[in-house]
Amino acid sequence: QVQLVESGGGLVQAGGSLRLSCAASGRTFSVYAMGWFRQAPGKEREFVAGISWGGGTTYYADSVKGRFTISRDNAKNTVYLQMNSLKPEDTARYYCALRINSLPEFRTDEYDFWGQGTQVTVSS
């Protein structure tokens, strides 16, 4: 099994920044892509960002392009999400997910393992 543990969430004012981390442990794979998703109360879980195994390919939701940056450190089995210029509409629980494939995808059902999430709240 794989354990994914997110951290770095919290309460921040609009315009502020947060950096989320997701550490993977347990079973290892030769290559895997990582994604960040979020879910607000009453809404479906949505794709935020994804990164390939080598880090050379990244995908972003239109709503976060130019504000969020996904990165990874394979030596530490950790993926990051730097979130700048945060808006109240970014308030959600953020989840990291692992896909046993070199490339990320946008759909939740393409991912094999999920973390428990970390809450991000942006006040206006």
Side-chain angles (χ1 to χ4, degrees):
Q1 272 290 5
V2 172
Q3 292 78 42
L4 301 175
V5 179
E6 301 96 335
S7 61
L11 174 64
V12 64
Q13 288 188 332
S17 298
L18 283 174
R19 188 194 195 204
L20 305 184
S21 299
C22 172
S25 62
R27 183 180 172 187
T28 59
F29 304 97
S30 56
V31 293
Y32 58 90
M34 296 294 295
W36 284 99
F37 292 75
R38 66 187 181 187
Q39 188 168 18
K43 295 187 176 182
E44 291 188 353
R45 192 168 298 188
E46 65 175 4
F47 174 82
V48 175
I51 188 167
S52 62
W53 164 249
T57 299
T58 55
Y59 301 150
Y60 295 94
D62 288 343
S63 59
V64 307
K65 278 181 184 176
R67 300 188 297 123
F68 291 11
T69 302
I70 189 171
S71 62
R72 66 189 296 166
D73 183 341
N74 289 343
K76 296 181 179 179
N77 294 319
T78 301
V79 64
Y80 306 95
L81 186 68
Q82 178 66 44
M83 305 186 295
N84 299 328
S85 303
L86 283 161
K87 305 175 181 180
E89 50 264 44
D90 294 317
T91 294
R93 191 162 186 86
Y94 283 70
Y95 298 87
C96 70
L98 184 151
R99 182 172 190 253
I100 308 173
N101 190 289
S102 62
L103 292 175
E105 281 289 346
F106 301 93
R107 289 170 42 180
T108 58
D109 60 1
E110 291 285 350
Y111 288 79
D112 301 284
F113 299 96
W114 291 83
Q116 295 298 308
T118 184
Q119 179 67 35
V120 172
T121 303
V122 184
S123 63
S124 57

ring-ring contact (aromatic ring centres under 6.0 Å, His included) partners of Y111, counting only residues at least two apart:
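Applying ring-ring contact (aromatic ring centres under 6.0 Å, His included) to Y111 gives F37.
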
ILVMFWY cluster, [X] and [Y] together (side-chain gap under 4.5 Å):
| X | Y | result |
| --- | --- | --- |
| F29 | V31 | yes |
| W36 | V12 | yes |
| Y94 | Y80 | no |

Nearest non-hydrogen partners of [X] and [Y], listed with the distance:
| X | Y | answer |
| --- | --- | --- |
| S124 | A14 | CA-CB, 4.4 Å |
| Q1 | Q3 | CB-NE2, 3.8 Å |
| A49 | L81 | CB-CD1, 4.1 Å |

Measure the shortest side-chain to side-chain distance between [X] and [Y] over non-hydrogen atoms and say whether it is less than 4.5 angstrom.
| X | Y | value |
| --- | --- | --- |
| Y59 | F47 | yes |
| Q82 | S17 | yes |
| N101 | E110 | no |
| E89 | V122 | no |
| L20 | E6 | no |

Go through it in stages, so that I can follow the logic: the residues are Y95 and L4, the test is side-chain contact (heavy atoms from CB on, under 4.5 Å), and I'd like the CA-CA distance, side-chain angles, deciding distance and then a yes or no.
CA-CA 9 Å; Y95 298 87; L4 301 175; over 6 Å; no

Working note: D112 + V2, criterion side-chain contact (heavy atoms from CB on, under 4.5 Å); need CA distance, chi angles, decisive distance, verdict.
CA-CA 9 Å; D112 301 284; V2 172; over 6 Å; no

Could you list all the side-chain hydrogen bond (donor to acceptor under 3.5 Å, both in side chains) pairs where at least one residue sits in residues 46-57, not counting sequence neighbours?
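For residues 46-57, and leaving out neighbouring residues, the side-chain hydrogen bond (donor to acceptor under 3.5 Å, both in side chains) pairs sorted by first residue read R38-E46.
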
In sequence, state the C-alpha distance, the side-chain angles, and the governing distance for V79 and Y32, and then conclude on side-chain contact (heavy atoms from CB on, under 4.5 Å).
CA-CA 11 Å; V79 64; Y32 58 90; over 6 Å; no

Mind checking the [atom1]-[atom2] spacing from [X] to [Y]? Nearest 0.5 Å is all I need.
| X | Y | atom1 | atom2 | result |
| --- | --- | --- | --- | --- |
| M83 | R19 | CE | CZ | 11.5 Å |
| D109 | R99 | CG | CZ | 9.5 Å |
| Q119 | T91 | CD | OG1 | 7.5 Å |
| C96 | I51 | SG | CD1 | 12.5 Å |

Run the side-chain contact (heavy atoms from CB on, under 4.5 Å) test on N74 and R72 for me, step by step, so that the C-alpha distance in whole Å, both residues' side-chain angles and the decisive distance to 0.1 Å come before the verdict.
CA-CA 6 Å; N74 289 343; R72 66 189 296 166; 2.7 Å; yes

Could you walk me through whether K87 and D90 pass the salt bridge (Lys or Arg N to Asp or Glu O under 4.0 Å) check?
CA-CA 5 Å; K87 305 175 181 180; D90 294 317; over 6 Å; no

Test the R67-Y60 pair against the cation-pi criterion, namely NZ or CZ under 6.0 angstrom from the six-membered ring centroid and within 45° of the ring axis.
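Checked: cation-pi criterion not met.
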
